[in-house]
Amino acid sequence: MAAPWQLAEVPGLEQALTLKPEMAAKLLRNAKRPLIVVGGNVLGAKGEDVDVVKFVHRLAELTGSPVVVSPGCFRVFRERIGDVPLTCMGLEDLVNRMRDENWQGLRGEGNHDLVVFLGGIYFFQSQLLSTLKHFASHLKTLSLDRFYQPNATFSFQTATEDRWKKDLEKILEELEAKTS
Amino acid sequence: MAAPWQLAEVPGLEQALTLKPEMAAKLLRNAKRPLIVVGGNVLGAKGEDVDVVKFVHRLAELTGSPVVVSPGCFRVFRERIGDVPLTCMGLEDLVNRMRDENWQGLRGEGNHDLVVFLGGIYFFQSQLLSTLKHFASHLKTLSLDRFYQPNATFSFQTATEDRWKKDLEKILEELEAKTS
Amino acid sequence: MKNSKIVVKELNSALAKIKGLEILVGQITEDWEEPPGPTPFPTLTSLREWDWKLLKKYQPFYSPLCDRCCLCGYGKCDLAKGRKGACGIDIRTQQGRHILLECVVGASAHTTHAKHLVDYLVKKLGRSHPIDLGSEIDIEAPLTRLITGVKPKTLGDLEGVLDYIGDQITQLLSSVLTGQEQNYLDFESKALHAGMLDNLALEVADIAQISGLGYPKGDAETPYVEIGLGVLDRNKPVIIFVGHNAAPGVETVEYLARSGLSDKVEVGGVCCSAHDLTRFNRGVKIVGNLSRQQLIARTGMADVLVLDQECIRVDIVEEAFKAGTRVIATIDQVCGGLPNRTEDPVDAVVEDLASGRNMGVLILDPSKAAEVAVRTAVKIAPLRRRELKPLAALAEASRCTGCGLCRRVCVPDLPVDEAVLAAAKGNLTKLSEVYDLCVGCGRCDSVCPRKIPVLTLIGEAGMEKIRKSKYKIRAGRGPILDTEIRNVGRPIVMGEIPGVVAFAGCSNYPRGHIEVAQMAEEFARRRYIVVTSGCAAMDIARYKDEEGRTLYEKYPGSFDAGGIVNTGSCVSNAHILGAAVKIANIFARRKLRANFEEIADYILNRIGAVAIVWGTQNQKAEAIATGATRLGIPVILGPKGVAHRRAYLGRPDVDEKWMPYNVRSGEKEYTGPAPEHLWYVAETKEEALVLAARLVMRPNDTLKGRSIKLRNYLDLYRKLYGTLPEDLHLFVRTESDLPVLEKDELLPVLRSQGWKPKTVPELGTTLLDRLVLRRR
Amino acid sequence: MKNSKIVVKELNSALAKIKGLEILVGQITEDWEEPPGPTPFPTLTSLREWDWKLLKKYQPFYSPLCDRCCLCGYGKCDLAKGRKGACGIDIRTQQGRHILLECVVGASAHTTHAKHLVDYLVKKLGRSHPIDLGSEIDIEAPLTRLITGVKPKTLGDLEGVLDYIGDQITQLLSSVLTGQEQNYLDFESKALHAGMLDNLALEVADIAQISGLGYPKGDAETPYVEIGLGVLDRNKPVIIFVGHNAAPGVETVEYLARSGLSDKVEVGGVCCSAHDLTRFNRGVKIVGNLSRQQLIARTGMADVLVLDQECIRVDIVEEAFKAGTRVIATIDQVCGGLPNRTEDPVDAVVEDLASGRNMGVLILDPSKAAEVAVRTAVKIAPLRRRELKPLAALAEASRCTGCGLCRRVCVPDLPVDEAVLAAAKGNLTKLSEVYDLCVGCGRCDSVCPRKIPVLTLIGEAGMEKIRKSKYKIRAGRGPILDTEIRNVGRPIVMGEIPGVVAFAGCSNYPRGHIEVAQMAEEFARRRYIVVTSGCAAMDIARYKDEEGRTLYEKYPGSFDAGGIVNTGSCVSNAHILGAAVKIANIFARRKLRANFEEIADYILNRIGAVAIVWGTQNQKAEAIATGATRLGIPVILGPKGVAHRRAYLGRPDVDEKWMPYNVRSGEKEYTGPAPEHLWYVAETKEEALVLAARLVMRPNDTLKGRSIKLRNYLDLYRKLYGTLPEDLHLFVRTESDLPVLEKDELLPVLRSQGWKPKTVPELGTTLLDRLVLRRR
Ligand code: SF4
Ligand code: SF4
Ligand code: SF4
Ligand code: SF4
Ligand code: SF4
Ligand code: SF4
Ligand code: SF4
Ligand code: SF4
């Protein structure tokens, strides 16, 4: 078990498996109906020398996954990467739909099986992951933030900015390798 | 972090360091005023092919530590190993004294600096260790039970009966080696 | 009587005019000539100084269950290593706050229970129905008189007491708010207040139902009633009542009588509703208590399960449905997600239940619920099998992987995994042993990754035991008679009776219920007075000697040396506390009215009463026991009691802690650590037995009294620990304290312990400055 | 009026006779000719059906804070992966139970607050002092009338209302007991009941103090008062009041006036006590709110700190002592571990405080506390320095190891560690930025392994800002006038005013208080009615435009389009809810008396009111907001609101959820998801703004109203998200709903979204079967 970023966040014994980028890429490749969810704090992450907008763009292209962007930063995403399918939806509303096993997903093709989270306000994100952990056993969640998220199914460990950047790049590389 | 034996017992981030018998022996050797505390469930442990009474006896001899035995099994200890100094005292009473930094310890020579716990009812033991963890930063606790005790300062990991037996023996060996 | 109230209820409302205004001023224009003491209707701070005296002597000791706090929107906060939460709280203060929360939740439950009972009885009998506990009881409500200063004469008077409690509870709860109280001792003082209010609510509830429903009024020899999982006759329709509020059961018994069905329908109870129904009618059977509730539901042994309030498993509705049992919920606290059919015609509701269109309904009217229950049971019973159906194919066990999770969630840490594995190989012995010790929490069941219904397997392994489980218990007798108090007051205070030991609490034991019975018998044989109530009283009945007799058959039910007194349900705990108060009042003539501190001081210093709460579950147990400590009665909990995370511990090794005032001189005088602790969590039965024998010692024991208490203490100590106590010198004041026959053996020991004779204050000692004679 | 009571308090007690019995039957023999509706003094189940309607439409959504439960002696229990606790509870039900607990704790705090106020005023003014909100307010107590069916005329009448609330709170709390309620929806229904009771208590508290203390009675242009950490004049003795109960402050202001000291002593307040004292006397200054409480204590800016109740940091006594400040606690809920000096002579207490023999005392009498506070402050002030002393040597920063723990406990996750490291290098910029966003939780401070007083460093870095922190706020005006309701009722219901947006809640923000002010201005500029109270109202004042004007100076204080209305303290939230009720009653002539369901149905279906609670801290916020939802008013919380762990969410994508009855025909009719959610936790300001614009849409909007609301929605959506909403089609019923000027642009979009025109029910829709015309 890794320690959560905000220290009091340890939820119990059921905590996210930490994973390496290769494994994350594998999960993404194997997912049938993945979804990328970008939280409202994601632009704060930019200062850390990672261009998350670009990363999301590439990830969406490589996985063919739809992207939900929090209203807090939708405008920027739309302006920069409006060419991939972006949905503006509040994260709580989205998670509420996801927890319904019968929801047909953003594309109406069935609920998502793997949901990638990135850029939510840490505490807020943690709680929404908790909802899914407890009430949505039909899907898995993957947190790609720089900070360990114990309530996800899988999460990066808390890492230095540099490490995180490399790990994100590694995911893209892996996906590219297999796609090409 | 190891998982606690009774699963819900994870207290937070501050959990016992797990340790190997060598390290436990070292702690015991370095302790100035160690104390051995035997809980009321200890005889239940006998069935597991470890003679805890004998172990306690030898440990007391090797460390010169006084031994407190829970009223739940004092009689047996007294009958079998009455030659080492045994005190019959309820564990809550004892822990209450220990948490007082100014208590002079069982020998009136000052509060103990390392307290070895063995054989308490798991849940009960866990809570008393919690008391010491939160309110007695002046001492360290070491759990030698077969089951990981997250609220101790140091604890064995949960182990098979066989592993546990060997680990206990190893502690004695190490102590004997250095004593002789 | 600052907070007393006149309550006018159920006015004709439509036109907002008063019809039949009934102003009850019973508690005001009364004939109680005793002048009120200093603390009528005490507020949150009235008894704060008394609490602080206790809390300085018996410092709160905390065992946090978690390093964190998650009570509010700022959280959660990590409080380990001296860290403070976002509200500024540290872990010690936070523990105090949690204790207050537990106590106030517990008190609210008993208050609500009392209120529902009183409302029910007022509706049934009228507000002016007298409080009457029989000709042998003058002090009908010792706690009410002591705490509020009111002498209740009618049901209506009790409403005023409940209003006072409700107001105080709201105020106490408010202190739990994030960002209020600052100090752990103030939290504890408020918890003690909540505990006292809880005790008061218990008394109100029990004297109301005794007066209103004709329960025994302190008879020592109440009838024996049947108890056990095997007592119900499945040839008849079966209705089982679960909870604490007797009203729906009473209405059912009455309806059966009116309909000539008394012999044709089997009425059983689980938990305190069972106790109280047997007090109403000895034909009702006690099926079990909390630890067997889920199994009882799973067996489908009832045709209709009627829920009232408190100590109802949160999944019982669900479990009952699975077993095909119909459920009727009857109280707003437990709606159970069921459709409210209170206003619908009985025929329609019975029809819907019988047909299964509704498996359960909510009926907030006990008499309607009764009729629906009976008619539904009668309708559906013929359609089901007579024998209890086997619970599950034991074959399920074969899916077990031995992962061990079931053991690692088991409350008493039983080797469930091994037992299931053995069962998979056809050996049920271990599973049947687990059955004996199981507290019925059901956690093994829901944790199993293979979805093996572990608890059902346990029940299956115990099925033979279930069928044979038939015992006898004396129905709850309620209060202690004033005459009994007169008889035992002197021997208790003088010490010929070494003490009063009360067994109360829930069926959540570390090593099975048997230990409670064994402890009770130990003290009864030694001629202590043993009293009991609630789940503990039931568990004592589940133990037979070689001749097949239960303790209730072996020991008398009188409040006297060697008696085992079943007062009744949890609310009957009030009489145990009330007895201590009555000793101070009747025997020692201490003023009662609104005179809490003095009476508590008297009890703490003189009356050797101790409570053993071997199993605890919910917040009510915490509240009741906390209330007892404010009155000066020490409490011993079983090991699972650490989950309540607080004790009140004395420091026998610190002499300054044991220096009350000499009543005559006002000097501080060393008395020894008596009683040593106010709240202690014992790890084992062996510890609890000896500790209880020690805690009955009090500073003002007479020489004879102390020597009798010491004899028992030494005797138990030697028997259980094989030696003499190291703390003997702390409890011997003069040589005359020593048991005569053992003096020669003990004196050398004492001297080796550094003992020196002390004086025994002639008029005794007190914690209250104002009781010192020369200051009055 | 089943539960109404006649309360007789403070009888002469010694001889147990009644002196001066005053039976108040105001609420009984009254002149309110409106016949009572169906639910006077509702019990736990009276409104259960209404709740279930709401809860089925807006399903509870839970975000557990912890996998475990540790509420009782059975625990703790692991509830992850579908596991059940030892009591049988699962995590969903357990979340519901926690919500109930939070709401009932919150309600108890407000009830206790109201009770203390009413008791204080009854003592001061007599029980028959009239409830009087001025000539422009006939409906003096909309919530009281709506909920209880009583029209309170005197302070005494309010006591009856509080008794009712206290009784219900006790009953609700009892449901929290381990082993009671079975179903999460029933827990939520009870939480809604608790929330409603909370709102009722707010109203009682505020109309009592308005009537008794002469606060503004709905004046739109109340005087400006000073607010800010820099407003106090340290040349004078300084007394600061912390908490919510105005009584000690009121007594202090009066004592100063009597003693001719009004100009010589500086009186300030923190949190709602500050609000309410400025309503009493405009000379009182608001120093700050919860987020600055600890810093205020650390600076030692007060000579005497007076604590009353609620929202008081748990370590404030300790912190004040360290700063040399004397502390007076005044209410039993907050004894603070201080010696009770209520009965001692003022001289002696002042002497002990001044000399430092006691750094703090408890005085449970507001007028005595006032005198002690003033005399102590006057005595010690001359001895201290005039300037605020520097808080700490910034040199402490140099000990920082950069371990990062301070950041990892920071509630809003601020880069505290980097800021401290920068400070160590002499650069205070980052620390000063942290000062701006810091919510004052102090966790950084207590976590630091190097014992660096991080919060103090932050305060030091912000010292220049502290000194300059001076703003203006309009004093709380209290209720909304009936005349205002008459004026805006039509435009609100007809839609010319697009909605009422209320800003309430605590100063626990994700990105600083500034966002609250920005949101408020956005809506005011768009001519919504903006109302505010409590910490939010204070934080709005801490924002100035380029010309140095606060929003209170830029926008009028009237309850009208484009107004920014500060109602006052947290208890003044009642008037915001009351305004919605009054619109239904005064403008739409819906019956008010004991007619909860119909009024709530009206609000939900027609009145575009929404609350934004951007910061939440304690359980009171949860209770207030929960009460609002029962009335049909949706609530948006800021991201930290997830810590309360529950939302009520609609499913805009599921058509069946949006089918209320057509009032005329009784047919179920699709209305679109309006309002979409009842409780929503938004992540960012951008989300909240657009969501609020969406939530003001209601099924029964007129065509014109909907088009105005849509215009604002589209406009905000485009502005903030740069595009058109994908859900536009859900909110357009007919083409006439569209903003005229945009029709051409929007119609193709609509069609591409698959939009089809719908009918707009002429008489509107309702959730209540019984309101359908043909069924009446
Ligand atoms: S009550 Fe205090 S310690 Fe608990 S979560 Fe709230 S702020 Fe943290
Ligand atoms: S139901 Fe019995 S065996 Fe199963 S976990 Fe609970 S106590 Fe243990
Ligand atoms: S949890 Fe289930 S599978 Fe695991 S040991 Fe127990 S019964 Fe067997
Ligand atoms: S206090 Fe209880 S619920 Fe809260 S974090 Fe700890 S274990 Fe979890
Ligand atoms: S309330 Fe239930 S889930 Fe919570 S600790 Fe108690 S038994 Fe476990
Ligand atoms: S916790 Fe202390 S030492 Fe660590 S980074 Fe923060 S200020 Fe520096
Ligand atoms: S006091 Fe301010 S900076 Fe420190 S942890 Fe709290 S919010 Fe963060
Ligand atoms: S808004 Fe919140 S923090 Fe502020 S005074 Fe009110 S309840 Fe307290």
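We name chains A, B, ... by the order of the sequence lines, and we start the count at 1 in each one.
- No more than 12 heavy atoms of other residues, nucleotides or ligands shown are found within 6.0 angstrom of NZ on A:Lys140.
- Counting only heavy atoms from C-beta outward, the side chains of D:Pro639 and A:Glu92 never approach each other to under 4.5 Å.
- Atom CZ of D:Phe61 is separated from atom CG of A:Leu128 by 5.5 Å, given to the nearest 0.5 angstrom.
- Smallest separation of non-hydrogen atoms from A:Ser130 and D:Pro64: OG-O, 2.7 Å.
- Side-chain contact between D:Asp727 and A:Met89 is absent, with no heavy-atom pair separated by less than 4.5 Å.
- The CD atom of D:Gln94 sits 9.0 Å away from the NE2 atom of A:His134 when rounded to the nearest 0.5 Å.
- Contact count versus chain A (heavy atoms, under 4.5 Å) is highest, among D:Leu689, D:Ile91, D:Val409, for D:Ile91.
- In this structure, no portion of A:Ser126 lies under 4.5 Å from any heavy atom of chain D.
- Taken from OH in D:Tyr721 to CG in A:Leu86, the straight-line distance is 14.0 Å, to the nearest 0.5 Å.
- D:Leu637 contributes atom CG, which lies 10.5 Å from atom CZ of A:Phe124 (distance to the nearest 0.5 angstrom).
- With a 4.5 angstrom heavy-atom cutoff, D:Ala643 touches chain A via backbone and side-chain atoms both.
- Interface check for chain A: of the options D:Arg68, D:Arg651, D:Arg443, the most heavy-atom pairs under 4.5 Å are formed by D:Arg651.
- With a threshold of 4.5 angstrom between heavy atoms, D:Val654 does not approach chain A through any atom at all.
- Judged by distance alone, the side chain of D:Arg645 and the main-chain N or O of A:Gln127 form no donor-acceptor pair under 3.5 Å.
- D:Asp67 places none of its side-chain heavy atoms less than 4.5 Å from the side chain of A:Leu13.
- Two residues are said to be in side-chain contact when any heavy atoms from C-beta on lie closer than 4.5 Å; D:Val642 and A:Phe123 meet this criterion.
- A:Gly40 and D:Arg511 make their closest contact through O-NH2, 3.4 Å (heavy atoms, listed as atom of the first residue, atom of the second, distance).
- Using a 4.5 Å cut-off on side-chain heavy atoms (C-beta onward), D:Tyr717 and A:Cys88 make contact.
- In this structure, OG in D:Ser63 is found 12.0 Å from NZ in A:Lys133, a value given to the nearest 0.5 Å.
- Under a 3.5 Å cut-off, the side chain of D:Arg408 and the backbone N or O of A:Ala8 do not form any donor-acceptor pair.
- Neither the backbone nor the side chain of D:Arg646 comes within less than 4.5 Å of any heavy atom of chain A.
- Using cut-offs of 30° and 60° on the angle between ring planes, the pair A:Phe135 and D:Tyr62 is tilted.
- Within the 4.5 angstrom heavy-atom criterion, only backbone atoms of D:Leu720 (N, CA, C, O) approach chain A.
- Counting heavy-atom pairs closer than 4.5 Å to chain A, the top residue among D:Leu65, D:Leu405, D:Leu691, D:Val411 is D:Leu65.
- For A:Val69, no part lies under 4.5 angstrom from a heavy atom of chain D.
- Looking only at heavy-atom pairs under 4.5 Å with chain A, the residue among D:Val681, D:Val447, D:Asp78 that has the most is D:Val681.
- A:Arg75 and D:Arg718 get closest at one heavy-atom pair: NH1-O, 3.2 Å.
- Note that CG of A:Asp93 is 7.5 Å distant from CG of D:Asp653, once rounded to the nearest 0.5 Å.
- With a threshold of 4.5 angstrom between heavy atoms, D:Lys719 approaches chain A through N, CA, C or O but not through any side-chain atom.
- Within the 4.5 angstrom heavy-atom criterion, atoms from both the backbone and the side chain of D:Glu683 approach chain A.
- Contacts of A:Arg78 with chain D are made by side-chain atoms alone, with heavy-atom separations under 4.5 Å and no backbone atom involved.
- Side-chain contact between D:Glu687 and A:Leu91: absent, with no pair of heavy atoms (C-beta onward) separated by less than 4.5 Å.
- Proximity to chain A is limited to the backbone of D:Leu79, based on heavy atoms less than 4.5 angstrom apart.
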